[in-house]
Amino acid sequence: MSTLALIDRLTRNAVDVLPHRELERKLELGRPLRVKLGIDVTAPYVTIGNGIPLQRMRAFQDEGHVGVLIVGDYTTRIGDPSGRSRERPMLDPAEIDRMAENFFDNARRVIDPERTEVRFNSEWLGSLGFAELLRLARTTTVAQILERDDFAKRFAGNVPISISELLYPLMQAYDSVAVEADVELGGTDQTYNLLAGRSVQQAYGLEPQVALTVPLLLSWDGTRMSSSRGNYIGLSEPAEEQFGKTMSIPDELLGQWWTLVVEQPVPDGAAMDAKLELARWIVRRSHGEEAVQAAEAHFTRVVREGGAPAEISSHPLPAGDGPVHVPAVIAAAFGLSTSEARRLLAQGGVKLDGVVVKGLDLPQAELAGKVLQAGKRRFARLVPPV
RNA sequence: GCAGGGGUUCCCGAGUGGCCAAAGGGGGCGGGCUGUAAACCCGCUGGCUCAGCCUUCAGAGGUUCGAAUCCUCUCCCCUGCACCA
């Protein structure tokens with residue numbers, strides 16, 4: 001394959017490749033390049049939004065290069081500047097291990113696990129002395145740090161910025177020094193950090209990395225998909241969830257999702273069909289073909305036809321022969337407050353075997369064995385007390 | 001350090017002694033409509049043993065029949081001035 005075609009494939013969907021010629025040059029070195037990506041490990045899932053840069057990593061891996069995933073166990077303690085979270089307590093090693101494992105379990109749905117290195121940044125940041133920190137800090141000026149858009153806005157808007165947050169880009173940059181990254185991947189929101197990596201690497205006498213940024217995937221609410229917003233689809237999330245969530249994206253986002261996620265143009269025809277195909281593709285990548293059929297069947301049955309799912313978990317009724325207090329049962333079965341349960345009840349959102357429930361207290365005989373439904377998606381089969 | 005401005009329910013943001021569980025918007029939830037979605041309409045959105053009761057307006061005390069609203073102290077944020085290795 002010609003270098004041009006190769007670069008074209010490696011940088012598909014990229015917004016920026018900085019500097020462009022540098023990538024070309026590095027590729028001609030003939031050695032495997034080290035392609036770095038850092039993701040927040042504290043999130044329950046790696047999202048399909050994070051999947052976009054992961055797909056780039058995969059493309060590099062398919063050409064023989066090495067993916068380097070950074071577990072920011074050390075940086076996590078500071079909290080991402082944009083998230084504006086408070087400093088978090090140090091996580092214990094067992095917890096970090098669990099998170100890292102989960103992280104990798106998600107990522108492997110996209111990348112090639114055989115060509116991946118997973119590195120914890122506490123490995124080098126944890127032993128960084130104050131003198132070394134000062135050396136790192138000297139590589140950058142306040143003005144440079146404040147160029148970063150979110151800092152600039154917060155500074156202008158009198159929103160507090162802590163010194164530790166200002167250090168965040170430097171720590172991330174130092175990761176690039178430590179793992180000797182040739183390329184760093186990230187969303188366009190990471191452009192600044194990726195470029196900081198370049199200048200810090202240079203200050204440490206290393207060849208600067210190439211910064212490759214990809215667009216941020218928008219979610220169904222029109223904002224960028226983010227694990228902290230709850231508007232995400234997790235790479236290892238259950239197939240049914242992935243399917244349903246994909247179907248709930250607005251039609252307007254179909255083009256973007258096909259381009260960025262599937263890396264194909266939207267198929268011609270009805271939006272509905274293109275969306276179904278997209279949902280199948282997403283589930284297939286994470287869980288395989290069988291899961292696709294089950295997830296689609298579930299979607300058709302529960303969402304389109306308003307029926308009950310194939311499998312419903314059981315919930316025992318309270319003991320005793322007296323009438324059963326329905327709000328309490330709903331609350332217990334679905335993890336709601338009884339006030340929420342009462343509201344659902346009052347609004348006709350609660351059904352028993354498909355029939356809207358009216359009363360607050362019902363005899364056990366009228367409940368046992370029936371399927372309780374709260375809203376469209378919550379189901380539980382009521383069984384006699386144990 | 002000095003002076004001033006602030007901290008309200010998931011978020012933004014009104015409210016300056018009773019009519020405040022606290023306007024409005026966002027988000028979320030339920031119902032309707034529907035091709036999933038969007039749009040649109042209606043309703044709900046602290047908790048509970050729910051026509052009543054209980055706990056909330058940074059924290060702790062106090063004044064008052066009664067406080068998110070007044071006073072005192074504390075914590076945190078912002079602005080200006082001062083300091084400036």
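Throughout, a chain's letter reflects where its sequence line sits, starting with A, and its residues are numbered from 1.
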Salt bridge present between D62(A) and R9(A) (N-O < 4.0 angstrom): no

Contacts table for residues 246-253 of chain A: side-chain donor-acceptor under 3.5 angstrom, sequence neighbours left out:
unit_1, atom_1, unit_2, atom_2, d
T246(A), OG1, Q242(A), O, 2.7
S248(A), OG, K245(A), O, 2.8
D251(A), OD1, K275(A), NZ, 2.7

Quick check on C44(B): is either OP1 or OP2 less than 4.0 Å from any side-chain nitrogen or oxygen of R342(A)? no

Watson-Crick or G-U wobble partner of A67(B), both distances under 3.5 Å: none

Any strand: nucleotide that pairs with U49(B) via Watson-Crick or wobble, under 3.5 Å: none

Expressed as a whole number of Å, how far does the P atom of C83(B) sit from that of G15(B)? 38 Å

Roughly how many Å apart are U72(B) and A21(B), using the C1' atom of each and rounding to a whole number? 28 Å

E305(A) atom CD: more than 12 heavy-atom contacts under 6.0 Å: yes

Would you please name every residue forming a ring-ring contact (aromatic ring centres under 6.0 Å, His included) with H287(A), sequence neighbours left out? none

Any idea which of U49(B), U36(B), C29(B) is nearest the R304(A) side chain? U36(B)

Please say which of R198(A), K36(A), R34(A) ends up in a side chain to side chain donor-acceptor pair (under 3.5 Å) with S176(A). K36(A)

Could you tell me the separation between the NZ atom of K376(A) and the C1' atom of U36(B), rounded to a whole number of Å? 12 Å

Ring pair (Phe, Tyr, Trp, His ring centres under 6.0 Å) contacts touching residues 364-386 of chain A (sequence neighbours left out): none

Record whether the side chain of Q347(A) comes under 3.5 Å of the base of G43(B) through a donor-acceptor pair of N or O atoms. yes

For C44(B), the Watson-Crick or wobble partner whose two distances fall under 3.5 Å: G28(B)

Keeping to residues at least two apart or across chains, list the ring pair (Phe, Tyr, Trp, His ring centres under 6.0 Å) pairs with something in residues 288-310 of chain A. F243(A)-F299(A)

Whole Å only: how far is the CD atom of E241(A) from the P atom of U36(B)? 18 Å

Establish, from distance only, whether the side-chain atoms of E184(A) and Q190(A) form a donor-acceptor pair under 3.5 Å. no

Name all residues meeting the ring-ring contact (aromatic ring centres under 6.0 Å, His included) criterion together with F120(A); count only those two or more places apart in sequence or in a different chain, and write none if there are none. none

P atom, G59(B) versus A68(B): distance in rounded Å? 12 Å

With side chains defined as the heavy atoms from C-beta onward, is the minimum distance between L260(A) and V214(A) less than 4.5 Å? no

Any protein N or O atoms within reach of nucleotides 23-27 of chain B? Criterion: under 3.5 Å, listing atom names and distances.
none

Contact class for R378(A) (heavy atom, under 4.0 Å): base, sugar-phosphate, or nothing? sugar-phosphate

Rounding to the closest angstrom, what is the interatomic distance between U56(B) and U9(B) at atom C1'? 7 Å

In whole angstrom, give the distance that lies between atom CZ of F379(A) and atom C1' of G30(B). 14 Å

Output one line per pair: protein atom, nucleotide atom from nucleotides 46-48 of chain B, and distance, for all N/O pairs under 3.5 Å.
unit_1, atom_1, unit_2, atom_2, d
G47(B), OP1, S337(A), OG, 2.9
G47(B), OP2, R343(A), NH2, 2.4
C48(B), OP1, T338(A), N, 3.1
C48(B), OP1, T338(A), OG1, 3.2
C48(B), OP2, T338(A), N, 3.1
C48(B), OP2, T338(A), OG1, 3.0
C48(B), OP2, S339(A), N, 2.6
C48(B), OP2, S339(A), OG, 2.7
C48(B), O5', T338(A), OG1, 3.1

If a pair satisfies side chain to side chain donor-acceptor pair (under 3.5 Å) and one of its residues is in residues 363-386 of chain A, list it, with sequence neighbours excluded. E241(A)-R377(A)

What interatomic distance, in whole Å, is found between P of G6(B) and the corresponding atom of U55(B)? 30 Å

Should side-chain heavy atoms under 4.5 Å link Ile, Leu, Val, Met, Phe, Trp and Tyr, which residues sit in the same cluster as L352(A)? L317(A), V324(A), V326(A), V329(A), I330(A), F334(A), L336(A), L344(A), L345(A), V350(A), V357(A), L360(A), L362(A), L367(A), L372(A), L382(A)

In whole angstrom, give the distance that lies between atom CG of L345(A) and atom C1' of G43(B). 15 Å

Send over the distance from H298(A) NE2 to U36(B) P, rounded to a whole Å. 16 Å

Pairs involving residues 253-281 of chain A, ordered by first then second residue, that meet ring pair (Phe, Tyr, Trp, His ring centres under 6.0 Å) (sequence neighbours left out): none

Residues in residues 246-285 of chain A with a heavy atom under 4.0 Å of RNA chain B, by number, are M247(A), S248(A), I249(A), P250(A), D251(A), A271(A), M272(A), K275(A)

Rounding to the closest angstrom, what is the interatomic distance between C76(B) and G26(B) at atom C1'? 26 Å

For C19(B), the Watson-Crick or wobble counterpart (both distances under 3.5 Å): none

May I have all residue pairs that pass ring pair (Phe, Tyr, Trp, His ring centres under 6.0 Å) and include part of residues 197-225 of chain A, sequence neighbours excluded? Y174(A)-Y204(A)

So what's A82(B) paired with, Watson-Crick or G-U wobble, going by both distances under 3.5 Å? none

P spacing across the pair G46(B) / G62(B), given as an integer number of angstrom: 30 Å

E305(A) CD to G35(B) C1', in whole Å, measures 13 Å

With C1' as the reference atom in both, quote the distance from G13(B) to U63(B) in angstrom, rounded to an integer. 30 Å

Give none if A58(B) has no partner; otherwise give the nucleotide forming a Watson-Crick or G-U wobble pair with it, both distances under 3.5 Å. U74(B)

Checking N1-N3 plus N6-O4 or O6-N4 for Watson-Crick, or N1-O2 and O6-N3 for wobble, each under 3.5 Å, the partner of U36(B) is none

Without decimals, in angstroms, what is the distance between N231(A) CG and A37(B) P? 17 Å

